[in-house]
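Have a look at the structure below, then the notes.
Positions are given from 1 along the sequence. Since this is a predicted model, take the numbers as computed values, not measurements.
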Amino acid sequence: KERQIELIEAPLDRLRPGALDRIGLMILAAPRGPRAPEEAETIQRYLEGGGRLLVLAEPFPQDGTVPDHGLNDLLAPWGLRLADGIVLTPPREPAGVWRDLFWTQHFAGTHELSVPYARAQQERRFPLFVDGARAIETIPRSAPSVTTGPLVLSGRDGILKRDLASEQVNPNTDRPGQHALDAFAEKVLRALPESPGGEGTAPPPGAEGAVQEESKTRILVFADADAAADRWFHPQARADAANAAFVLDAVHWLLSREGRIGIPPPPRESFGIRMEDAPYKRLGWVLVAFLPLATLGLGAAVWWVRRGA
């Protein structure tokens, strides 16, 4: 409510043509399988018309591999692809195992959505927690007119583990380095017209009352659906982790509400005093008896002095 976002749960078993015409933002949350061809066509037509899509992906590994779940066929025309593996960070001990549960403070400082979070890391620790994430790759050649890029990255010491059947690093299949955990895609379908005479020029005849709007398709992919889990929206979690704020700001960006993007201030801490029963009773006598009697005595003393004068 504080971000003025209303979410309506509407499970759609079958997406028919026109089902998304009045939808401002479509959310695909942890899909486990590909959609029917007619449903995929409906989603693509929605995006080609300036739709907005938030994908919350989840690996759901099976038999040592990560299934595609039909997401890459949906994302490929928009220059994005989910890698077939899970991002892991180094073990804390030399003999330990690589971990898929970690936190990252690597926000890309070039996008309007991630810039506030990249700056916040310089002032205080405000990380994004990840629990099993696929890597996101950009494939610009598949969509030359689409702008793509990473928003959140893993550490440079991590790996993309493709061979999930073994806990050991396989140099032939596993890929070390920094990987994108969240990424965006944007395509301008209809830009705002530029005035021939620059700023301050009168609009052409007949266009005085027309409202000029810019049409864009925007897609944002979280490689870990758990990043938007309910537990990150509790007050203490919101103070320690960036998950809740970043997810809500992602929705603002998708809905072209850039003016509302920003990190909320940390919640105020409440302070209290704990006392034993005996001191608490003495304090009560001081407040109930001593202070009124002292005030009465001071008033009597002032009256006596003035009476003598």
Would you check if [X] and [Y] make a side-chain contact, meaning some heavy-atom pair closer than 4.5 Å?
{"X": "Val130", "Y": "Val87", "result": "no"}
{"X": "Glu48", "Y": "Trp78", "result": "yes"}
{"X": "Leu128", "Y": "Asp182", "result": "yes"}
{"X": "Phe222", "Y": "Val152", "result": "no"}
{"X": "Asp174", "Y": "Leu88", "result": "no"}

What pair of heavy atoms forms the shortest contact from [X] to [Y], and how long is it?
{"X": "His179", "Y": "Ala135", "result": "CB-CB, 3.9 Å"}
{"X": "Ala185", "Y": "Leu80", "result": "CB-CD1, 3.9 Å"}
{"X": "Ala289", "Y": "Pro292", "result": "O-CD, 3.3 Å"}
{"X": "Leu181", "Y": "Thr104", "result": "CD1-CG2, 4.0 Å"}
{"X": "Pro90", "Y": "Asp157", "result": "CG-O, 3.2 Å"}
{"X": "Gly177", "Y": "Ser154", "result": "O-OG, 4.1 Å"}

Report the distance from atom [atom1] of [X] to atom [atom2] of [Y], rounding to the nearest 0.5 Å.
{"X": "Asp249", "Y": "Arg257", "atom1": "CG", "atom2": "CZ", "value": "10.5 Å"}
{"X": "Leu291", "Y": "Leu296", "atom1": "CG", "atom2": "CG", "value": "12.5 Å"}
{"X": "Leu75", "Y": "Thr148", "atom1": "CG", "atom2": "OG1", "value": "11.5 Å"}
{"X": "Glu258", "Y": "Leu113", "atom1": "CD", "atom2": "CG", "value": "9.5 Å"}
{"X": "Leu220", "Y": "Glu186", "atom1": "CG", "atom2": "CD", "value": "11.0 Å"}
{"X": "Leu71", "Y": "Arg35", "atom1": "CG", "atom2": "CZ", "value": "10.0 Å"}

Would you confirm whether [X], through its side chain, and [Y], through its main-chain N or O, come within 3.5 Å as a donor-acceptor pair?
{"X": "Thr217", "Y": "Lys187", "result": "no"}
{"X": "Ser215", "Y": "Leu189", "result": "no"}
{"X": "Asn243", "Y": "Phe129", "result": "yes"}
{"X": "Asp84", "Y": "Arg162", "result": "no"}
{"X": "Lys161", "Y": "Gln168", "result": "yes"}
{"X": "Gln178", "Y": "Gly155", "result": "no"}
{"X": "Gln44", "Y": "Leu74", "result": "yes"}

Within 6.0 Å of CZ in Arg119, more than 12 heavy atoms from elsewhere: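 Counting neighbours around CZ of Arg119, 12 or fewer heavy atoms of other residues, nucleotides or ligands fall under 6.0 Å, so no.
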
Counting only heavy atoms from other residues, nucleotides and ligands, does the tally under 6.0 Å from CZ of Phe233 exceed 12? yes

CA sep, side-chain torsions, deciding dist, call: Gln121, Phe126, side chain to side chain contact (heavy atoms under 4.5 Å, CB included): CA-CA 6 Å; Gln121 308 310 316; Phe126 197 51; 4.0 Å; yes

Please identify each residue that fulfils side-chain hydrogen bond (donor to acceptor under 3.5 Å, both in side chains) with Trp253, with sequence neighbours left out.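 By the side-chain hydrogen bond (donor to acceptor under 3.5 Å, both in side chains) rule, Trp253 matches Glu112.
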
Would you please name every residue forming a side-chain hydrogen bond (donor to acceptor under 3.5 Å, both in side chains) with Ser256, sequence neighbours left out?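 Only Arg52 meet the side-chain hydrogen bond (donor to acceptor under 3.5 Å, both in side chains) criterion with Ser256.
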
Are [Y] and [X] co-members of a hydrophobic cluster defined by side-chain heavy atoms under 4.5 Å apart?
{"X": "Ile86", "Y": "Leu101", "result": "no"}
{"X": "Ile261", "Y": "Leu25", "result": "yes"}
{"X": "Ile219", "Y": "Ile23", "result": "yes"}
{"X": "Leu151", "Y": "Ile263", "result": "yes"}
{"X": "Leu28", "Y": "Val221", "result": "yes"}

Please verify the inter-ring angle class for Tyr117 with Phe246; under 30° counts as parallel, over 60° as perpendicular, anything in between as tilted. perpendicular

Test log, rule side chain to side chain contact (heavy atoms under 4.5 Å, CB included), inputs Asp224 and Glu58: CA-CA 5 Å; Asp224 171 31; Glu58 190 68 20; 3.3 Å; yes

Side chain to side chain contact (heavy atoms under 4.5 Å, CB included) evaluation trace for Ile136 with Leu82: CA-CA 5 Å; Ile136 306 175; Leu82 287 164; 3.8 Å; yes

Where at least one partner belongs to residues 130-139, residue pairs that pass side-chain hydrogen bond (donor to acceptor under 3.5 Å, both in side chains), sequence neighbours excluded: Arg81-Glu137, Glu137-Arg175

